[in-house]
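Proteins get letters first, then strands, A, B, ... in listed order; numbering begins at 1 in each. No hydrogens, no waters, no symmetry mates; every other heavy atom, side chains included, goes into these values.
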Amino acid sequence: MAKHQYAMVMDLNKCIGCQTCTVACKKQWTDRDGTAYMYWNNVETQPGAGYPRGWHTAGGGFDERRNLRPSALPSMDDYGAAFEYDYGQRLYGGSNKPVMPHKPPTYGVNWEEDVGAPDTRNPYYFYLPRICNHCTHPACLEACPRKAIYKREEDGIVVIDQDRCRGYRYCIKACPYKKIYFNEVLGRSEKCIFCYPRLEKGEVNACARQCPGRLRFVGLLDDPESPVHKLVVKYKVALGLFPDKGTHPNVYYVPPFSPPKEGFAGRSALEDPRLPLEYLMYLFGPRVADVLQFLAAEQTRVQALGAPSEVLQLLIGRDADVRYRIVPLTVRGSAPPAVGQRTNDTPVGPPLTLMGSPDKASPSLPAVGHTMLSPRDKTRLAAIESGDELDRVGRRA
Amino acid sequence: MSTMMALRFHCWLRIGGLLAAGWLTGPGLAADAARDALTLSVKAENVEVARLLDPRDAAWNEAPSRALHFNRTPPLYDGDPSDDGGRPVASVQLIRVGSQDLVARIHWSDPTANLAAKGVRYPDTGSPHIYKRHTEDPDRFADAFCLMVPVRRGPADSFPSLMMGGTNEAVELYYWRAGQSPQVIRAHGRGTTATTPTATQGGAARDDNGWTITLVVPRVRKGTPISFAIWDGARQHRDGLKFYSLWYEVE
């Protein structure tokens with residue numbers, strides 16, 4: 001049983017599918033031999049078959065009686081082999097042939113975007129960024145016959161012990177989100193590690209740090225000051241993906257709601273949403289309607305009454321210290337790990353009381369969540385804080 | 001105490017013998033014939049090991065061959081492929097070299113050759129490339145073979161558990177995977193297998209019917225229990241999903 005649980009919230013209202021998070025993760029972790037086809041973080045265009053193809057309905061997770069229901073192993077055709085380009089012949093070889101993937105692609109990590117053929121009867125789409133969900137009840141952990149997968153006690157991050165893994169791939173069959181990948185060169189399975197080496201130094205995950213849309217929130221679920229606690233537990237506006245798969249994912253999504261508009265024939269936006277409610281409920285469960293209504297009501301309250309809204313202010317999340325609350329291990333009342341010692345062997349002291357806001361942390365730690373405002377924004381912020389100007393949601397500071 | 005263990009040993013032998021005999025010639029055999037069914041005879045040869053490592057070497061023509069019988073492990077997990085009834089047709093020959101070492105030559109039928117993959121090299125296009133090797137097929141498994149002997153060799157009062165031995169019955173596994181050199185693995189119970197850095201020798205040859213491999217097994221005395229396992233990559237075999245044999249005894 002993990003003592004604490006790191007979680008991530010992704011606000012789908014802000015994702016523009018730029019894939020910066022994907023590239024950040026790839027440059028950080030999957031630029032090694034055998035990892036070309038892996039995208040520990042990927043951004044899918046929904047509705048779509050996803051990556052790997054058909055993972056929504058492939059299987060995995062638990063059934064109602066808590067039995068594992070493994071799927072078949074995805075093949076390279078389902079992932080899409082990484083494209084390979086021969087730039088040399090085009091740039092230096094004097095050839096006039098266009099630079100094309102070495103083999104005609106039949107699938108890829110974001111196939112719907114590459115093909116670009118919407119359903120013209122009802123064209124709509126949104127982006128769904130995905131990482132390993134570091135589930136509370138990981139099916140992968142239960143499936144491994146060698147117990148090579150473990151959930152870190154101190155923060156709930158699920159990792160694969162690369163010394164114990166022998167590449168049997170029962171974990172890949174068991175994962176309902178298909179977020180474990182087999183490295184053929186090493187003969188072992190790999191997955192998102194929630195950037196735990198960065199978290200242990202007080203730095204936030206690479207995907208979150210790089211996101212230009214500022215849509216990711218990271219913190220401990222049981223830390224009342226963390227943004228994820230507020231969004232998931234307090235205001236309950238963030239929902240897990242496919243909750244009926246039975247693993248209790250710890251990556252949550254604020255469902256995308258349409259911008260305020262008049263619906264067709266005078267109906268409200270909730271009655272005639274850009275994104276069909278049934279599809280959102282298929283992804284995030286039945287609470288989507290409640291969340292959308294709550295957020296719409298908050299917006300109305302702010303705009304009509306000028307009342308402050310903590311949840312909307314949080315979702316705006318302009319500043320990094322609003323979006324991230326990383327509590328490094330060294331802050332948590334236990335001794336820092338000795339050099340070379342595995343951090344999850346670090347003895348945990350008395351019940352952990354989380355420290356105050358990051359700026360009260362030990363001065364030797366890197367400043368967490370420092371903002372990088374332009375001079376113009378600094379001026380504007382000062383004006384808001386002095387009460388001279390309303391900020392975007394109409395709150396007079 | 002030792003009488004109890006001897007009784008247990010005979011029970012094992014009888015049960016195993018009956019099972020093995022049932023596969024060979026039918027029920028109701030005398031105990032001697034049952035015992036022969038489990039014994040693997042060894043030919044002593046004054047041939048250097050390097051020659052014997054080649055499965056095609058003529059020295060193997062004279063060594064007596066014994067058919068091996070395999071069963072498939074029951075499916076342990078949902079999603080494991082069910083038993084399609086197919087069994088490899090296999091045989092073993094043993095030649096003793098030196099005072100204690102054995103070279104084993106095993107042939108088994110496998111219509112498809114599934115080699116262990118180490119990733120595929122990208123073609124060299126002359127431009128710098130961050131990936132040198134890439135994963136080609138994340139869902140393929142390799143053909144493999146393993147020979148298991150207890151760490152404590154010699155005649156046993158009781159056989160170790162077929163499931164990788166036990167806490168006080170460590171086993172040594174001579175493991176070959178198609179396309180790789182053999183490894184020595186140690187285990188003391190299910191889930192405890194760990195590759196050792198010990199080097200070992202072996203050879204492999206492929207024909208249309210299947211594989212023939214050779215493995216050097218050191219320190220095998222008369223009466224040492226020995227058992228075998230075959231993994232068929234085409235059937236997605238790995239871990240405990242495999243064909244396995246019961247314990248035999250080296251003569």
Any heavy-atom pair between the side chains of [Y] and [X] that's under 4.5 Å?
X	Y	answer
B/Phe141	A/Arg169	yes
A/Glu184	B/Lys118	no
A/Asn183	B/Thr135	yes
B/Pro138	A/Met76	yes

Heavy-atom distances under 4.5 Å only: say whether [X] touches chain B with side chain, backbone, both or neither.
X	value
A/Ala81	neither
A/Ser71	neither
A/Tyr37	side chain

query = Heavy atoms under 4.5 Å from chain B: which residues of residues 137-146 of chain A carry them?
reply = A/Pro145, A/Arg146

Does [X] [atom1] have over 12 foreign heavy atoms under 6.0 Å away?
X	atom1	answer
A/Arg65	CZ	no
B/Lys132	NZ	yes
A/Asn67	CG	yes

Just verifying a value: how many Å separate [X] [atom1] and [Y] [atom2], rounded to the nearest 0.5 Å?
X	Y	atom1	atom2	value
A/Asp77	B/Asp137	CG	CG	8.0 Å
A/Thr35	B/His134	OG1	NE2	11.5 Å
B/Asp239	A/Arg166	CG	CZ	9.0 Å
A/Tyr79	B/Asp139	OH	CG	8.5 Å

query = In residues 103-112 of chain B, which residues are in contact with chain A at a heavy-atom separation under 4.5 Å?
reply =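 Interface residues of residues 103-112 of chain B: none, nothing closer than 4.5 Å to chain A.
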
inquiry  = Which residues in residues 193-213 of chain B have any heavy atom closer than 4.5 Å to a heavy atom of chain A?
reply    = B/Thr193, B/Thr195

request  = Kindly indicate, with the supporting measurements, whether the criterion side chain to side chain contact (heavy atoms under 4.5 Å, CB included) is fulfilled by B/Leu76 and A/Tyr170.
outcome  = CA-CA 11 Å; B/Leu76 283 178; A/Tyr170 291 110; over 6 Å; no

task = Can you run down the side chain to side chain donor-acceptor pair (under 3.5 Å) pairs that involve residues 183-192 of chain B, sequence neighbours left out, and say none if there aren't any?
result =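 Applying side chain to side chain donor-acceptor pair (under 3.5 Å) to every pair that reaches into residues 183-192 of chain B, excluding sequence neighbours, yields B/Tyr77-B/Arg190, B/Glu172-B/Arg186.
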
What closest approach, in Å, do [X] and [Y] show between heavy atoms, and which atom pair accounts for it?
X	Y	result
B/Arg133	A/Asp33	N-OD1, 3.1 Å
B/Gly191	A/Arg164	O-NH2, 2.7 Å
B/Arg238	A/Tyr168	NE-O, 2.7 Å

inquiry  = Given the ring of A/Phe182, does B/Arg140 sit roughly above its face, with NZ or CZ under 6.0 Å from the centre of the six-membered ring and within 45° of the axis?
reply    = no

